[in-house]
2 protein chains.
Amino acid sequence: MMVEAPKTESRKEQIYRVAITLFREKGYIASSMRDLAKELNIEAPSLYSHIKSKEEILQKVCFEMAETFFHGLNDIEKRNFSAKSRLEAAIHSHINVICEHKDAVAVFLNEWRHLSQPHYSDFVQLRNQYEEKFHTYIKFGVDKGEFRVADVNFAVLTILSSLNWTYNWYKESGKMKPEEIASNLSEILIKGIS
Amino acid sequence: MMVEAPKTESRKEQIYRVAITLFREKGYIASSMRDLAKELNIEAPSLYSHIKSKEEILQKVCFEMAETFFHGLNDIEKRNFSAKSRLEAAIHSHINVICEHKDAVAVFLNEWRHLSQPHYSDFVQLRNQYEEKFHTYIKFGVDKGEFRVADVNFAVLTILSSLNWTYNWYKESGKMKPEEIASNLSEILIKGIS
DNA sequence: CCTACCGATCGGTAGG
DNA sequence: CCTACCGATCGGTAGG
């Protein structure tokens, strides 16, 4: 597994970083604490002097990523954009978060269902709130006459699903940078391919 | 778990049907053969007189769904459509498969990575071939001047990701039928939301 | 279709 | 950070 190691990194941070790459590759359930320990060249029980449980790692990833996605939208809502510019800015923010945290986003998107209660319900609520933000952006444009959609909810799901797929193929080393990805997505979703 | 049972159904078919709903709800790895047996009111070892292994179920689901998706495109390629009509027909076919096989599609989309070799590689190959079909539809439209896209591959990924998300929220009992879903998706992807 | 059971592996603790 | 170990659970087999 290829994981670059920052210079000053606590053992705890190292555990989280390696766990994220492991969960992304094998899935949360299929990743064992012994797998994780092996990657770190320690024994499994030693992990527990740094973390409380396997699920604690998943919780941290899911909720920190949720916060990061929300944070990206903060500035946008303060400004007086056109509906189109506002949506474009939101798309750029969303894509930047995905590209900067590829593996964590993969875990965030695919493994949240393994959270136990009440974390599961808390997470679903956050996710719905994030979708609602995009809902208001689209609704704003529809009310202003900038957008035309058959169903606002439907448009939101279509937009977010195509944005979220980016984590699957984005490569830091690839020729397409986050800016260009976001621009291309905005173009297709706003103007269409025709 | 709510699963309607067809009148004439072999034990084997029943096992597959219930397994699909189980894998969809809990994930393949987190679903145990004891869970599956319990749903069927038998003991776990009894399953093995009908199936060879847990993975055999996953393999059947993944490859049969792949075949179903391909089959839907067969008619389309024989006709002399405009690029736009051809893409619309492909979208309708894809959405129909998703809506008719919701749970199996969920397993197909999310659990294929747990296939062992050589099935894993075979599956990835099929998936790439299916993407290539959409690639030719888009390329056809670009060459004819019907479509304008910055990057054909990129457009294909955007389209398929938004189509595939449908399995997550579609309900047979909902007001939006497959036909309407496909039409709305076509509209957004071809004309955009503006 | 069952009971009885296999070796392997799981997340995690005790105690140092 | 380790060794030693826990009870629970895993997919699957033997034998009927």
Side-chain angles (χ1 to χ4, degrees), chain A residues 1 3 5 8-63 107 110-120, chain B residues 1 5 8-62 107 110-120:
Chain A
M1 203 179 318
V3 188
T8 53
E9 187 188 37
S10 69
R11 199 52 149 162
K12 189 169 186 173
E13 289 166 339
Q14 193 187 10
I15 290 171
Y16 276 99
R17 177 173 52 80
V18 175
I20 286 168
T21 66
L22 189 63
F23 291 175
R24 194 249 159 93
E25 280 185 12
K26 303 186 58 168
Y28 174 72
I29 298 288
S31 302
S32 74
M33 297 305 271
R34 284 161 178 83
D35 291 334
L36 178 53
K38 198 170 216 170
E39 296 273 351
L40 295 159
N41 292 311
I42 58 177
E43 298 300 321
S46 304
L47 292 166
Y48 290 89
S49 52
H50 302 283
I51 60 163
K52 279 194 301 201
S53 66
K54 185 184 178 185
E55 197 187 312
E56 189 192 46
I57 302 176
L58 181 61
Q59 286 165 17
K60 206 186 165 202
V61 173
C62 289
F63 287 96
V107 174
N110 296 319
E111 311 294 347
W112 58 270
R113 66 169 158 175
H114 296 114
L115 290 168
S116 62
Q117 293 290 13
H119 311 288
Y120 181 95
Chain B
M1 205 176 316
T8 54
E9 185 187 39
S10 69
R11 201 49 151 165
K12 189 169 184 172
E13 289 165 338
Q14 194 187 8
I15 290 170
Y16 277 100
R17 178 173 51 79
V18 175
I20 286 167
T21 66
L22 189 64
F23 291 175
R24 194 248 160 96
E25 280 185 10
K26 302 186 58 167
Y28 173 72
I29 298 287
S31 302
S32 75
M33 296 306 271
R34 284 160 179 84
D35 292 334
L36 177 54
K38 199 169 218 171
E39 296 273 351
L40 295 159
N41 292 311
I42 57 175
E43 298 298 321
S46 303
L47 293 166
Y48 291 89
S49 52
H50 302 283
I51 59 163
K52 279 194 303 199
S53 66
K54 184 183 179 186
E55 196 187 313
E56 189 192 44
I57 303 176
L58 181 62
Q59 285 164 18
K60 205 185 165 203
V61 174
C62 289
V107 173
N110 296 320
E111 310 295 348
W112 58 271
R113 66 169 158 174
H114 295 114
L115 291 168
S116 61
Q117 293 290 13
H119 312 288
Y120 181 95

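Below, chain A is the first sequence line, B the second, and so on; all start at residue 1.
- In the 5' to 3' direction, nucleotides of DNA chain C lying under 4.0 Å from heavy atoms of chain B begin and end at C:dC1 to C:dA4.
- The strand DNA chain C forms stems, runs of 3 or more Watson-Crick or G-U wobble pairs with distances below 3.5 Å, at C:1-16 with D:1-16.
- Looking at residues 54-63 of chain A, you'll see that no heavy atom sits under 4.0 Å from any atom of DNA chain D.
- In this pair, A:W112 and A:Y120 present their aromatic rings tilted. The plane angle is within the 30 to 60° band.
- Heavy-atom minimum distance, A:A19 versus A:I57: CB-CG2, 3.8 Å.
- DNA chain D lies under 4.0 Å from at least one heavy atom of each of the following residues of residues 44-52 of chain B: B:P45, B:Y48.
- Applying the side chain to side chain donor-acceptor pair (under 3.5 Å) criterion to A:D35, with sequence neighbours excluded, gives A:K26, A:S32.
- Every residue meeting the side-chain contact (heavy atoms from CB on, under 4.5 Å) condition with B:E56, not counting sequence neighbours, appears here in chain and number order: B:Y16, B:I51, B:K52, B:S53.
- A:Y48 is linked by a ring pair (Phe, Tyr, Trp, His ring centres under 6.0 Å) to nothing, counting only residues two or more places apart in sequence or in another chain.
- Shown here are the salt bridge (Lys or Arg N to Asp or Glu O under 4.0 Å) partners of A:K38, two or more places apart in sequence or in another chain: there are none.
- Contacts of A:H50 classified as side-chain contact (heavy atoms from CB on, under 4.5 Å), with partners at least two apart in sequence or in another chain: A:R11, A:I15.
- When all heavy atoms of B:A30 and A:H114 are compared, the closest pair comes out as CB-NE2, 4.4 Å.
- Residues satisfying the salt bridge (Lys or Arg N to Asp or Glu O under 4.0 Å) criterion with A:R113, sequence neighbours excluded, are B:E111.
- Here the side chain of B:E25 pairs no donor or acceptor atom with the backbone of B:L22 at under 3.5 angstrom.
- With sequence neighbours excluded, the residues satisfying side chain to side chain donor-acceptor pair (under 3.5 Å) with B:S116 are B:E55.
- Partners of A:R34 by salt bridge (Lys or Arg N to Asp or Glu O under 4.0 Å), not counting sequence neighbours: none found.
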